[in-house]
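What follows is a single structure, and I will ask about it in a moment.
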Amino acid sequence: MIIGIDIGGSGIKGAPVDVSTGTLSAERYRVETPSPANVTNITTAVRQVVERFGATDRVGVTFPGVVVGGVAKTAANVDISWLEAPVAKLLSAAVDRPATVLNDADAAGIAEITFGAGKGKSGVVVLLTFGTGIGSAVFLDGRLLPNTELGHLEIRGKDAEERASDRIRETKELDWSQWALRLEEYLRHVERLIQPDLIVIGGGVSKKRDKYLHLIDVRTPVVTASLQNNAGIIGAAIAAAG
Ligand code: BGC
């Protein structure tokens with residue numbers, strides 16, 4: 001059995017995953033993201049989630065930043081103590097079994113391309129997650145190009161996630177049509193740079209498609225993610241299964 005864990009800004013969620021079907025084999029368990037969300041506190045919280053499910057072979061864990069060879073290389077929206085932390089090693093030790101760690105958007109993308117909105121799609125598929133930040137996962141014929149970080153493209157002199165993330169929609173109290181304009185501007189920017197064949201919108205806004213999707217006019221077909229909240233958990237487990 002493989003447990004997938006999704007480390008997010010407000011909650012740390014996990015569940016055992018059947019990686020042959022992309023479904024959770026038990027109800028997911030969530031703990032609040034500790035504050036400060038530093039290495040020690042998060043590691044403890046991840047252990048708590050894993051312990052809930054008993055015996056497992058491996059765990060897969062998402063991280064909201066760049067992860068290269070199990071080491072965190074950026075900490076844009078997380079506590080600075082994560083920078084250069086050997087996340088995979090630390091979590092493996094904490095949960096006493098091998099842990100695979102990967103970028104959160106990459107994990108969500110792996111789940112969507114394997115079992116969700118991107119299933120069976122060839123060519124260039126881009127999954128973009130809109131939450132606290134903007135995460136990205138880029139695939140060519142189903143193969144991931146990891147750690148793409150398209151949320152940090154610059155739009156009119158500002159980080160894209162400071163213009164078009166769901167956090168900005170909330171803090172600036174934008175209505176859906178105002179946010180849709182920002183989303184459209186961002187998607188056009190992405191289109192100009194990498195010419196996708198399909199764009200998949202993920203994160204919390206994926207279940208609110210009726211509020212904005214019809215307002216978006218871009219060249220590329222745009223769909224919303226179908227695994228929604230569980231994409232990170234499922235993708236992390238698939239990654240851990242190798
Ligand atoms: C980070 C990405 C992450 C995204 C979503 C961005 O700020 O740089 O690595 O995927 O937020 O959490």
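Note that the structure is predicted; figures quoted are calculated from it, not measured. When a ligand or atom number is given, it counts from 1 through the structure's own listing order.
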Subject >> N or O contact, S136 vs ligand 1, cut-off under 3.5 Å >> reply: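 The answer is no, given that S136 and ligand 1 share no N or O pair closer than 3.5 Å.
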
Original post:
In this structure, are over 12 heavy atoms from other groups packed under 6.0 Å from K73 atom NZ?
Top reply: yes

Subject >> With V87, the side chain to side chain contact (heavy atoms under 4.5 Å, CB included) member among V71, V46, V101 >> reply: V101

Subject >> Heavy-atom neighbours of K208 NZ exceed 12 at 6.0 Å >> reply: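 Yes, NZ of K208 has more than 12 neighbouring heavy atoms, counting only those of other groups under 6.0 Å.
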
Subject >> Taking atom 7 (O) of ligand 1 as the reference point, the nearest protein heavy atom with its distance >> reply: E161 OE1, 2.8 Å

**OP:** Return yes when atom CZ of R52 has more than 12 non-hydrogen atoms of other residues, nucleotides or ligands closer than 6.0 Å, and no otherwise.
**Re:**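 No, because the 6.0 Å sphere around CZ of R52 holds 12 heavy atoms or fewer from other groups.
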
Original post:
When you measure from atom 8 (O) of ligand 1 to every protein heavy atom, which one gives the shortest distance, and what is it?
Top reply: E149 OE1, 2.5 Å

**OP:** Answer with yes or no whether T132 contacts ligand 1, where contact means a heavy atom under 4.0 Å from a ligand atom.
**Re:**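 T132 does not count as a contact of ligand 1 under the 4.0 Å cut-off.
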
Original post:
Do R163 and E185 meet the salt-bridge criterion of a basic N to acidic O distance under 4.0 Å?
Top reply: no

Subject >> Check: Y186 ring centroid to W179 ring centroid under 6.0 Å >> reply: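 Aromatic pair excluded; centres sit 6.0 Å or further apart.
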
Original post:
Against heavy atoms of H152, which atoms of ligand 1 measure under 4.0 Å?
Top reply: 1 (C), 6 (C), 7 (O), 8 (O)

Original post:
Just heavy atoms, cut-off under 4.0 Å: does A76 contact ligand 1 by side chain, backbone, both, or neither?
Top reply: side chain

Original post:
Between T74 and ligand 1, does any nitrogen or oxygen pair lie at a separation below 3.5 Å?
Top reply: no

Subject >> Residue I134 vicinity, atoms of ligand 1 by number, heavy atom under 4.0 Å >> reply: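 Contacts of ligand 1 toward I134, numbered from 1: 4 (C), 6 (C), 11 (O).
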
Original post:
Does G65 have a non-hydrogen atom less than 4.0 Å from ligand 1?
Top reply: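 So G65 counts as touching ligand 1.
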
Original post:
Where do G123 and D197 come nearest, in terms of heavy atoms and distance?
Top reply: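 Smallest heavy-atom distance, with atoms named: CA-OD2, 3.3 Å.
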
**OP:** Compute both the distance and the angle, then confirm whether R169 meets the cation-pi test with W176: under 6.0 Å from the six-membered ring centre, within 45 degrees of the axis.
**Re:** yes

**OP:** Considering heavy atoms of the protein only, find what lies nearest to atom 10 (O) of ligand 1 and give residue, atom and distance to 0.1 Å.
**Re:** D104 OD1, 2.5 Å

Subject >> Ligand-residue contact atoms, ligand 1 with G135, heavy atoms, under 4.0 Å >> reply: 4 (C), 5 (C), 10 (O)

Original post:
Numbering the atoms of ligand 1 from 1, which are under 4.0 Å from a heavy atom of N103?
Top reply: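 By the 4.0 Å cutoff, the relevant atoms are 2 (C), 3 (C), 9 (O), 10 (O).
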
